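Reviewing the structure listed below.
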2 protein chains.
Amino acid sequence: MNNTAPKDYESLRAAMSERYDTLSKRLRQIAKFAWDNPTIMAMETTSVIAERAGVQPSALIRFAKAFGYSGFSEMQRPFQAHVASRSASYKERFREVADTDGAPDSPMGLLREFSEANQQALQHLLEETESTELDRAVSLLRDAEFAYIMGQRRSFPVASYIYYNLNHLECRAQLLTGMGGMLMEHANSMGPRDVLIAISFSPYSDDTARVVAAARKKKVPVVVITDSSLNAIARQATVFFDVHDAEVFSFRSLSASMCLAQALTTALATSRGAGKGRGGKTARSK
Amino acid sequence: MNNTAPKDYESLRAAMSERYDTLSKRLRQIAKFAWDNPTIMAMETTSVIAERAGVQPSALIRFAKAFGYSGFSEMQRPFQAHVASRSASYKERFREVADTDGAPDSPMGLLREFSEANQQALQHLLEETESTELDRAVSLLRDAEFAYIMGQRRSFPVASYIYYNLNHLECRAQLLTGMGGMLMEHANSMGPRDVLIAISFSPYSDDTARVVAAARKKKVPVVVITDSSLNAIARQATVFFDVHDAEVFSFRSLSASMCLAQALTTALATSRGAGKGRGGKTARSK
DNA sequence: TCTGATATGGAATAAATATACCATCCTATT
DNA sequence: AATAGGATGGTATATTTATTCCATATCAGA
């Protein structure tokens with residue numbers, strides 16, 4: 001047995017999600033329960049947890065060993081540490097960080113600014129995103145034969161991330177980069193059974209606008225991720241997301257956009273998985 | 001013995017405070033400890049608590065009985081409930097949102113998972129990043145004549161984001177894409193007055209490893225952003241950042257990495273601004 | 001200083017909890 | 001359909017944990 005047991009809760013969570021696909025039915029059931037109920041995992045005994053999760057106590061031991069722990073008790077420690085830290089007052093946590101860093105202008109100070117601003121942006125994203133829009137976007141993507149992705153300048157990292165994810169989902173996808181001056185030629189190969197994902201933030205790229213217009217002309221559905229509902233691109237969208245990324249000293253972040261991109265692609269994965277009868281939270285690895 | 005055992009944590013706390021004066025020396029010692037360490041009281045076993053509090057395990061049982069409980073375990077329950085609720089209260093905001101939308105498997109449910117996980121990852125980033133490493137990275141970047149950026153696959157969005165930011169800071173920067181098969185030719189143009197920023201996450205790209213090796217050979221300082229301190233690339237780094245991005249069911253996010261990238265480039269901007277006498281929080285727009 | 005009463009430490013015991021084991025049941029492959 | 005390999009449930013066992021008990025220490029009052 002390798003000594004690869006995750007030492008802290010975050011690692012354990014990562015390990016659970018990474019290995020989720022390869023786990024057996026019962027072990028998966030436990031992973032799901034542990035994922036949703038860290039507090040119960042931290043506090044209760046094997047028999048209580050087993051009953052709540054609808055499994056045998058021995059399955060919990062098997063689960064712990066599958067993740068490299070010597071037994072259940074050892075696996076329980078990360079959960080306890082996590083719950084304990086969650087329970088610690090905000091003040092305490094703030095102090096931990098505040099101790100080690102300096103002025104607001106220092107690199108560490110900036111990191112804190114960004115970390116906090118991005119956390120807020122992520123929370124806003126969650127609160128302001130319409131569930132129906134997400135559903136519509138996912139079904140558009142699922143039904144599409146080919147996905148085109150367009151994003152320039154600051155939107156390019158988001159576009160390339162979506163491109164990466166879709167390719168790992170075995171979705172046929174193409175990134176419209178404009179490389180070699182073939183942008184519109186590429187764009188014109190879109191058809192009504194395809195879909196275009198366009199990401200555009202201020203200052204809006206003319207190229208992106210042109211590609212979206214071309215898509216509309218050819219009856220290609222367009223999923224738009226942008227930062228304002230008023231710009232020309234947003235008005236042409238089939239589905240559109242109004243994302244407000246954090247901004248610190250004129251530097252705009254991409255955390256919220258990236259998070260949305262991640263949620264969209266993962267939802268597509270589960271949706272397709274379910275459609276294929278693979279069910280549940282199954283998601284392709286890597 | 002009256003059945004006056006406090007049922008919830010608040011009542012127990014009130015009882016402890018009220019009876020504090022009348023308790024014996026050892027029991028007082030326990031009350032003090034329990035007052036200060038509800039988390040330990042909730043999670044640990046009698047022997048651990050006893051050791052930490054500097055008393056005998058049996059004294060804990062006596063303490064519990066003094067407050068009307070049938071034994072230690074019964075007294076422990078209010079502590080556990082309290083810690084659990086404290087831990088849950090942080091998540092309460094998400095539950096509010098959860099009311100209005102569907103199952104954990106739904107697109108909205110996934111967005112919530114990711115938003116939450118990414119917020120945690122950002123907090124983690126803030127707590128784990130060494131201020132000195134940030135400072136060193138910033139000064140390397142500031143002193144460099146030319147910045148090369150390398151990131152493949154999942155790291156590519158991060159690399160392109162850094163590339164975008166550096167260009168907007170009027171830093172001479174080049175993205176090593178490997179396009180046209182000229183990767184090593186490009187890499188070999190690096191010199192000791194330049195700097196290489198390499199981003200690499202599991203599964204690690206061979207190309208990135210080769211570029212880093214080439215940089216070391218040519219005495220080029222290397223700033224590495226990776227997800228493990230154990231891989232070959234990290235070991236060759238001049239400065240390295242160990243970033244743990246959120247991962248939900250096999251889908252790794254980039255929020256933390258992007259945030260670090262943002263902090264690095266912004267810190268560079270303010271640093272150069274200050275150096276040029278532009279002072280303070282000034283940062284270039286766009 | 002003596003005496004009775006209470007508090008305390010530590011070992012012994014009881015209870016519970018975690019873990020190992022094995023027979024049986026799936027599931028995939030031929 | 002047969003079979004092998006792994007997964008699962010239930011129980012037996014080992015280990016840990018909570019609790020009791022009692023000898024000794026401490027303390028207050030005479």
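A note on names: the letters A, B, ... follow the listed sequences, proteins ahead of strands, and every chain is numbered from 1. Quick caveat: nothing in here was measured; it's all calculated off a predicted structure.
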Nearest whole Å is fine: how far is [N] [atom2] from [X] [atom1]?
X: B:M43; N: C:dT17; atom1: CE; atom2: C1'; result: 18 Å
X: A:L23; N: D:dA7; atom1: CG; atom2: P; result: 10 Å
X: A:R28; N: C:dT27; atom1: CZ; atom2: P; result: 12 Å
X: B:F63; N: C:dA7; atom1: CZ; atom2: P; result: 14 Å
X: A:K25; N: C:dC25; atom1: NZ; atom2: P; result: 15 Å
X: A:M75; N: C:dT17; atom1: CE; atom2: P; result: 17 Å

Problem - Residue list, side chain to side chain contact (heavy atoms under 4.5 Å, CB included) with B:A31, at least two apart or on another chain - result: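 B:M16, B:Y20, B:L23, B:F63.
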Handout entry: Backbone of A:A263 reached by a side-chain donor or acceptor of A:T266 within 3.5 Å
Key =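 Checking the backbone N and O of A:A263 against the side chain of A:T266, no donor-acceptor pair under 3.5 Å is found.
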Exercise for the section: Could you tell me whether A:E133 and A:R136 make a salt bridge, using a distance below 4.0 angstrom between a side-chain N and a carboxylate O? Expected result: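 So A:E133 pairs with A:R136 through a salt bridge.
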Exercise for the section: Would you give a per-nucleotide map of nucleotides 14-21 of chain D, 5' to 3', where B means the base has a protein non-hydrogen atom under 4.0 Å away, S means only the sugar-phosphate does, and - means neither? Expected result: ---SSBB-
Handout entry: Aromatic ring pairing B:H82/B:Y9, orientation class (parallel under 30°, perpendicular over 60°, tilted between)
Key =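 Parallel.
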Practice task
Give a yes/no answer on whether the side chain of A:Q56 brings an N or O atom under 4.0 Å of OP1 or OP2 in D:dT8.
Solution key: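 Result: no.
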Exercise for the section: Drop me the distance from B:L122's CG to A:R112's CZ, to the nearest 0.5 angstrom. Expected result: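 Interatomic distance, B:L122 CG to A:R112 CZ, rounded to 0.5 Å: 14.5 Å.
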Exercise for the section: Please name all residues satisfying ring pair (Phe, Tyr, Trp, His ring centres under 6.0 Å) with A:F146, sequence neighbours left out, ordered by chain then number. Expected result: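 Result, ring pair (Phe, Tyr, Trp, His ring centres under 6.0 Å) vs A:F146: A:Y148.
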